[in-house]
Structure formats: structure tokens, C-alpha cells
Number of protein chains: 2
Amino acid sequence: MEDEPDAVELIKFNLKAAGYEVVTAADGDEALKKAKSLLPNLIILDLMIPEVDGLEVCKILRRDVRASAIPIIMLTAKAGEVDRVLGLELGADDYVTKPFSPRELVLRVKRLLRGPAENLETDQITLNELRLDIPRHQALVKGKPIELTATEFRLLTVLAQRRGRVQSRERLLHDVWDYDNLIDTRTVDTHVRRLREKLGPAAKYLDTVRGVGYRFVEE
Amino acid sequence: MEDEPDAVELIKFNLKAAGYEVVTAADGDEALKKAKSLLPNLIILDLMIPEVDGLEVCKILRRDVRASAIPIIMLTAKAGEVDRVLGLELGADDYVTKPFSPRELVLRVKRLLRGPAENLETDQITLNELRLDIPRHQALVKGKPIELTATEFRLLTVLAQRRGRVQSRERLLHDVWDYDNLIDTRTVDTHVRRLREKLGPAAKYLDTVRGVGYRFVEE
DNA sequence: CCAAACTGTCACGGCTCCGTCACCGGTTTG
DNA sequence: CAAACCGGTGACGGAGCCGTGACAGTTTGG
């Protein structure tokens, strides 16, 4: 979500190299639409964009029921204190002044995605008889604790946090295993199987989307 | 209750935007007076404040009959990590290290105001036959005092104060040892082992969560 | 100034867990 | 309708994790 095409490509390239999935928007209006429909895990927002001003986009997103929880990084041309305070007041979580190194941006993205803000909001996930308590590292089915290994728990957490949306095997390998090589592996499948075994009746929430990946069902 | 005017205004703005009523104090002395007279629902306390030190303010408030129950969030500069454990012993309920995003602070405020029961830090923790007397720096099993070294006691305290929640080795190294480097160490394991030896029958309260860390059991 | 206590690191070994493979039934494709 | 594709399943060997004992460097106390 940028104004200069070159800069957009540069950022996109570096983020993809770090293993992230990137979607871009040409102006503020498009940015708003995509943000609300795709509900990304993080938004990088340039202040100087056409159609709808960056600050305005931020403000609107913060009022949105579903999008308000998404962390936002702001890109600003001036190092002016006004923009910084204004941006933070409107709910941005971090901001970067141009010019900046792509590496710095990637680091800030990582920090925000693993940061405390995310953990605070998602420290407990409940879906009918299944409950995930992340700080306690405990999964409950109908109130009874289920013994899960560390990897199984992380996999289930990632899927549950993005419930409704299909996660490809590559994405899961990146987020759960920190694998960046795209080697074909049956690892994910095996772990999903073990999860289903242990979850018992709650296994119905784990959907297989043939040819794509896995999904935690919504409602 | 801050030292930098800009930061105070920033926090104030964001809390008000979240629907809270906010009162500020310029120094520790003023903070104490206002806290005792207004009896707010929550206090955000900067460690680096003039007149009366933040830790001192915390200690005084905890001794006060009427103000002792008020949750306190401490703001600490990244340098003085020793303050963290010290603050916990003095009865702070949560910590935020600078720099932090305003949104993160608001989230922590919400959490503390939402569930006071699960976040209350007392100076005495009792779980069946095990009792921890934090101000006296003493651990008791079935009423009999157990000889613990300084490090062992701090480790046990940190684990017990976050009972139920798994603490990673890195987290424990950070909070108990002030280690920030992520080198692989068996130090935590060794100290847990020594703790278990000394605790005897009460050792069952220290859970190992394979691949994650350690946990003080709940109930 | 010495002895005792405390602390961090290391090596070892048992045991759990994990990644991979082969196989097979079901589904899609041409 | 056959061939290719895909994902579920069971099994297995290696890797990684953690408990344990030992030890050297440092601190404490007499």
C-alpha cells in the first residue's frame, strides 16, 4: 500500500524473501477494501497515498469491528514529530521514516507479529467444546485437558487463530516449523493426523481442503 | 504519572479514546496524594519519576489499607531489568518496557480491569502444603521452612506468581537472571532440579512442558 | 585466609517426539 | 476408463529434549 511503484516492489520482494505472503493496494480506497476482506495479519501503510489519506485509512480501520485488531506499520516521509504522534494516536503500532532499509522494515514486521500485542488478544480461543489456552499451553475438549506435544499445539494454534481461512502446507511449514525451503514434505499431513487422533470428537473442526491445505472451520 | 510530557499526553489520549477517565501526576509525591484521595481503578506508574522513586511509590501504596488493592502497571526503561523482579516482589501487577506501542498498553489495561482475580499479586502465595512468603524471602513446606538460595527463591517466585502459565527458558533467564542473549543454556534446568530436590513432596507442583518450558501447576 | 556454599557449564544417557517412507484407497483428469 | 494425483495411515530410525551427576570458578562467612 504505497505510492511509488519501485518502493512497493522493493518492500514486497524483501518481505516475500522473509517468507511472508504480500498483497498490495494502489490507493487508500483499494487498501481499505482489501484490508476488510482479506483481514491480513499485518498492514504496512504509506501516509502519502492517493484517494484516501493514510491517516484516514488508519482511523477507519481502527473503527472496524473485525479489522481493528490488525497491527499497522506506518511509512512516513518526514521525520516530523507531528506525524509520529498523530499516527500513534490514531492507532498505528509502529512507524518507519523514509528512507529506510528493507531489512529494518522486515525486522519491525517480525517484531510486531511475534509481539505482545498479538499474544494479548489471542491468549484464549474457544470454539464450542474446544478451547485453546495459549499461555497455559493447554488444549481442552469439553473441559478435559488433551495431551499435545509442542509442535501439535503450535499447529493447532496457528490454524485456530486463522479460522475459516485455508492455510497452505508451505505457510504452515513456515509459521509452525520455520521451514523456508519449499521441499515437498508429508510432515504437515502426519501432524494433522496425530492432532485428529488426540482431539477425538473435536477433530471435525479440522478440514482438509484438497489440493490447497488445511483449514480450521468457522462456526 | 510520567516524566516525559509527550509520552504522558500520548498515553492519556489513547486511554481516553478507549473510554477511560485519566488523571495524571507530575511526580511521585503528587502521584501518592492523588492515588490515596481518588482511589482510581488502576495506576500506571513510571519508574523514572522525580521526587519519589517509582518503586517507592509502589511499596507505599501496597502498604496502604485502601490503596493496596489497586492494580499497578509499571513502565520500565529497558536498561534496568533488575527492577522487574524487584517490582514483582513489591506487588506490581504487570510490566511494560519502553518503548511500547500505546495500543499494547491499552490492551494490558483492559486485561487487568477485566479479570482482577487472575492477576492479583499477593505477597504470600499458598498452594496446599507449600507457602511462599515473598517479603520475608522464605519458603515453607507443611509449615517447615525450606532453605533456598537467592536464585532458587527468585525462580520459584516468578514461576509461582504466574502459576498455570508456561514460562519459556528464555523468559526465565530474562526475568530471573537478567540474561538477554539467547544462548542455549542448561542453567534453568539445573536450578529447577535443585528446587525439586529441596521441595521434596511439593516438587510435584513444578511441571515440565517438553519443548516449551516450565510451569507451576494451578490448584 | 581458608573452608563451605553457591552458581553456571558440561557430558552422558534414557526417552519422547518428529520427520520420512511405503502403501493404499479415493478423487480428479484427460 | 485408466492413469495420475492426493491425502490418510502405520511403522520406524534418528534427533532432540531433559534429568542427572560431576566439576570448576566465584562468593560468602568465620
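Numbers restart at 1 for each chain; the letters A, B, ... are given by sequence-line order, proteins then strands. Keep in mind that what you see is a predicted model, and the values were worked out from it rather than measured.
At the heavy-atom level, T149(A) lies under 4.0 Å from the strands shown only through sugar-phosphate atoms.
Under the 3.5 Å distance criterion, the side-chain polar atoms of R196(B) are matched with a main-chain donor or acceptor of L206(B). Between the side chain of R215(A) and the backbone N or O of V209(A) there is no donor-acceptor pair closer than 3.5 Å.
The stretch residues 190-218 of chain B participates, sequence neighbours left out, in these ring-ring contact (aromatic ring centres under 6.0 Å, His included) pairs: W177(B)-H191(B).
The CZ atom of F153(B) sits 13 Å away from the P atom of dT7(C) (whole-angstrom rounding). Separating the CG atom of L148(A) from the P atom of dC18(C) is a distance of 10 Å, rounded to the nearest angstrom. In this structure, D207(B) places its CG atom 19 Å from P of dC17(D), rounding to the nearest Å. Following rounding to the nearest Å, E152(B) (CD) and dA5(C) (P) show an atom-to-atom distance of 13 Å. For the pair H191(A) NE2 and dG7(D) P, the interatomic distance rounds to 17 Å; values are reported in whole Å.
For the helix from dC1(C)-dG30(D) to dG30(C)-dC1(D), the terminal axes (five pairs an end, C1' atoms, rotation from four pairs onto the next four) enclose an angle of 40°, given to 10 degrees.
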Would you list the protein and nucleotides 18-26 of chain D atom pairs, both N or O, that sit under 3.5 Å from each other?
unit_1	atom_1	unit_2	atom_2	d
dC18(D)	OP1	G211(B)	N	2.6
dC18(D)	OP2	R169(B)	NH1	3.3
dC18(D)	OP2	R169(B)	NH2	3.2
dC18(D)	O5'	R169(B)	NH2	3.3
dG19(D)	OP1	R196(B)	NH1	3.1
dG19(D)	OP1	T208(B)	OG1	2.4
dG19(D)	OP2	Y214(B)	OH	2.7
dG19(D)	N7	R186(B)	NH2	2.7
dG19(D)	O6	R186(B)	NH1	2.8
dG19(D)	O6	R186(B)	NH2	3.4

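Taking OG1 from T185(A) and CD from E170(A), the interatomic distance works out to 9.5 Å, rounded to the nearest 0.5 Å. Atom CD1 of I43(A) sits about 10.5 Å away from atom CE of M74(A), to the nearest 0.5 Å.
For W177(B) and dT7(C), the shortest distance from a side-chain N or O to OP1 or OP2 is not below 4.0 Å. Listed pair T185(A) / dG19(C) fails the phosphate criterion, with no side-chain N or O lying under 4.0 Å from OP1 or OP2.
The two residues V212(B) and A150(A) have their closest heavy-atom pair at CG2-CB, 4.0 Å. The heavy-atom pair separating D27(A) from E30(A) by the smallest distance is OD1-N, 2.8 Å.
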Show your working on side chain to side chain donor-acceptor pair (under 3.5 Å) between T151(B) and R194(B) and close with a plain yes or no. CA-CA 11 Å; T151(B) 310; R194(B) 288 171 183 154; over 6 Å; no
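The residues R154(B) and D175(B) are annotated as not salt-bridged, no charged nitrogen and carboxylate oxygen being separated by less than 4.0 angstrom.
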